[in-house]
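Labels below follow one simple rule: chain letters A, B, ... track the order of the sequence lines, proteins then strands, and each chain is numbered from 1. Not measured: the values here are computed from a predicted model.
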There are 2 protein chains.
Amino acid sequence: MVDNVKRSTGYRSYGQFCALARALDVVGERWNLLIVRELLPGPLRYTELKSSLAGVATNLLAERLRTLEANGIVERRLQDSGVAYALTAWGAQLREPMEALGRWGAPLLATGRGDDAFRPRWLTLALPALLHGVTATPAVELGIETDGLLMVLRVDSDGPSVSVPAGGRPQSVLTAAPDVVVGLAAGGLTIDEALTRAKLEGDGRVLRAVFPAAARDRPI
Amino acid sequence: MVDNVKRSTGYRSYGQFCALARALDVVGERWNLLIVRELLPGPLRYTELKSSLAGVATNLLAERLRTLEANGIVERRLQDSGVAYALTAWGAQLREPMEALGRWGAPLLATGRGDDAFRPRWLTLALPALLHGVTATPAVELGIETDGLLMVLRVDSDGPSVSVPAGGRPQSVLTAAPDVVVGLAAGGLTIDEALTRAKLEGDGRVLRAVFPAAARDRPI
DNA sequence: CCGCATCCTCATGGATACTG
DNA sequence: CAGTATCCATGAGGATGCGG
């Protein structure tokens with residue numbers, strides 16, 4: 001009984017006829033879902049990936065990328081500038097379970113940032129996930145500037161979405177540290193608690209339109 | 001740079017200020033989500049857990065249960081008959097991300113069962129997940145008998161749900177091997193393909209009411 | 001039996017160095 | 001830049017023991 005716990009590609013399988021177990025066979029190993037998270041906003045080079053995922057060993061990253069590719073989750077694109085890693089269509093569909101898992105884990109952010117690493121890129125995944133279910137008509141747009149990156153959070157009748165604008169600054173921009181932005185989105189901070197630690201430029205009413213009811217207990 | 005990659009309970013943290021990464025810090029280690037899957041239908045004893053999760057080492061299971069308890073996902077209940085492990089309210093909320101992950105991984109079941117382990121209990125999680133979004137008015141009920149367990153799949157205007165009846169047999173019962181049932185639910189089998197490998201008792205029209213459109217290309 | 005703790009072995013992960 | 005090679009630390013898996 002030493003065989004058949006392995007599969008052809010060499011990873012350790014649970015050996016269970018269960019969709020969840022099979023999914024975990026493929027993306028459950030350490031770093032895998034974080035690699036996918038990095039690639040969700042768009043393709044990245046190997047070194048970009050490595051520098052975003054502080055702490056991953058270079059051999060591990062290489063091996064993970066290989067098996068993710070073998071399993072049809074990631075594809076290696078040969079660009080003029082070199083190699084880029086991108087998600088396949090199926091790999092990109094991990095967004096839904098990952099957002100659900102992030103929503104479940106959001107309370108764990110309440111302990112604050114500590115000395116954890118942070119990339120504003122992660123917020124482009126986190127904000128729509130945390131604001132899941134929020135809609136607004138007419139649509140509202142709020143700029144959010146954190147750690148040097150300006151992104152635009154848009155909420156319309158379909159829900160929230162985030163983009164990183166090429167040029168042009170939205171009318172309202174909230175400038176704050178990551179934990180303040182996350183605290184707002186996760187409902188751990190009220191809007192005026194957040195405002196004591198943030199800079200708001202433009203119309204503040206958009207904040208009330210997008211952030212959770214839990215944060216709206218006092219008017220802005 | 002050897003510290004702060006660990007946390008108080010001893011598990012390895014990604015050290016990232018990101019809800020997904022923090023969730024994975026807590027449930028991302030091997031076996032954790034499968035333990036939660038076992039507990040979703042209801043509390044279990046240590047030995048039941050161990051026999052359901054073939055391949056888990058006893059020391060690992062004990063340690064995982066300890067950290068899951070320390071993290072507020074599992075609680076230890078002292079019953080008259082002994083110790084039972086149950087999910088906390090927060091732990092039970094993992095159902096949503098787990099169902100989403102199972103839905104994503106469902107195509108991986110297409111390779112068939114092979115010699116993988118199987119427990120009919122797993123279907124009580126998988127069927128509602130795979131039939132997510134399906135509704136029926138008026139409500140329909142279909143008995144499904146696999147591997148010796150009879151469960152009742154009910155679909156109403158709220159969606160699908162599964163229960164294990166104490167007594168009383170539903171009017172329509174489909175008796176089939178696990179891979180046939182899963183194939184139907186995941187859309188990998190058409191209804192009449194499935195029927196060549198299954199026994200149907202009662203009204204077959206309920207099958208068309210509950211199983212995915214992909215399986216309905218030919219009338220039953 | 002149940003609910004683990006201990007011991008041992010080997011596969012996997014992590015850090016660093018090195019190379020086409 | 002994009003990895004491979006190497007070495008060491010750690011974690012997983014299996015067998016066994018042991019008090020209740």
Is there a side-chain polar atom (N or O) of [X] under 4.0 Å from OP1 or OP2 of [N]?
X: B:Tyr85; N: C:dC4; value: yes
X: A:Arg12; N: D:dA12; value: no
X: B:Thr58; N: C:dC4; value: no
X: B:Arg66; N: C:dG3; value: no
X: B:Arg30; N: D:dG13; value: yes
X: A:Arg76; N: D:dG3; value: yes

Exercise for review: Taking side chain to side chain donor-acceptor pair (under 3.5 Å) as the test, write out the residues that go with A:Glu96, two or more places apart.
Suggested key: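 Side chain to side chain donor-acceptor pair (under 3.5 Å) list for A:Glu96, sorted by chain: B:Arg103.
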Taking atom [atom2] of [N] as reference, at what distance in whole Å does atom [atom1] of [X] sit?
X: B:Glu69; N: C:dG3; atom1: CD; atom2: P; answer: 14 Å
X: B:Leu53; N: C:dG3; atom1: CG; atom2: C1'; answer: 16 Å
X: A:Glu63; N: D:dT4; atom1: CD; atom2: P; answer: 10 Å
X: B:Tyr14; N: C:dG13; atom1: OH; atom2: P; answer: 10 Å
X: B:Leu60; N: C:dA5; atom1: CG; atom2: P; answer: 12 Å
X: A:Tyr46; N: D:dT4; atom1: OH; atom2: P; answer: 7 Å
X: B:Glu48; N: C:dC2; atom1: CD; atom2: C1'; answer: 11 Å
X: B:Lys50; N: C:dC1; atom1: NZ; atom2: P; answer: 14 Å

Review point. Quick one: which of C:dG3, D:dC1, C:dC4 gets closest to the side chain of A:Arg45?
Key: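 Between C:dG3, D:dC1, C:dC4, the one nearest the side chain of A:Arg45 would be D:dC1.
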Check your understanding: Taking the side chain of B:Asn59 as heavy atoms from C-beta outward, which of D:dT6, C:dT6, D:dC1 is closest to it?
Key ->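 Among D:dT6, C:dT6, D:dC1, the one nearest the side chain of B:Asn59 is C:dT6.
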Exercise for review: Please figure out whether A:Leu65 or B:Arg64 has its closest DNA chain D nucleotide nearer the 5' end.
Suggested key: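 In this pair, the answer is A:Leu65.
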Point to revise | Listed once per pair and sorted, the salt bridge (charged side-chain N to carboxylate O under 4.0 Å, His left out) pairs that draw on residues 176-189 of chain A, sequence neighbours left out | key: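 Sorted result for residues 176-189 of chain A: A:Asp179-A:Arg197.
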Point to revise | Carboxylate-amine/guanidinium proximity below 4.0 Å for B:Arg22 and A:Asp116 | key: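 A:Asp116 and B:Arg22: salt-bridged.
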**Study point:** Cation-pi geometry met for B:Arg119 and A:Phe17 (6.0 Å, 45°)
**Key:**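 Relative to the ring axis of A:Phe17, which defines the angle, B:Arg119 lies outside at least one limit.
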Check your understanding: Are any side-chain N or O atoms of B:Thr88 and backbone N or O atoms of B:Gly72, one a donor and one an acceptor, separated by less than 3.5 Å?
Key ->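 Side chain of B:Thr88 to backbone of B:Gly72: a pair is present.
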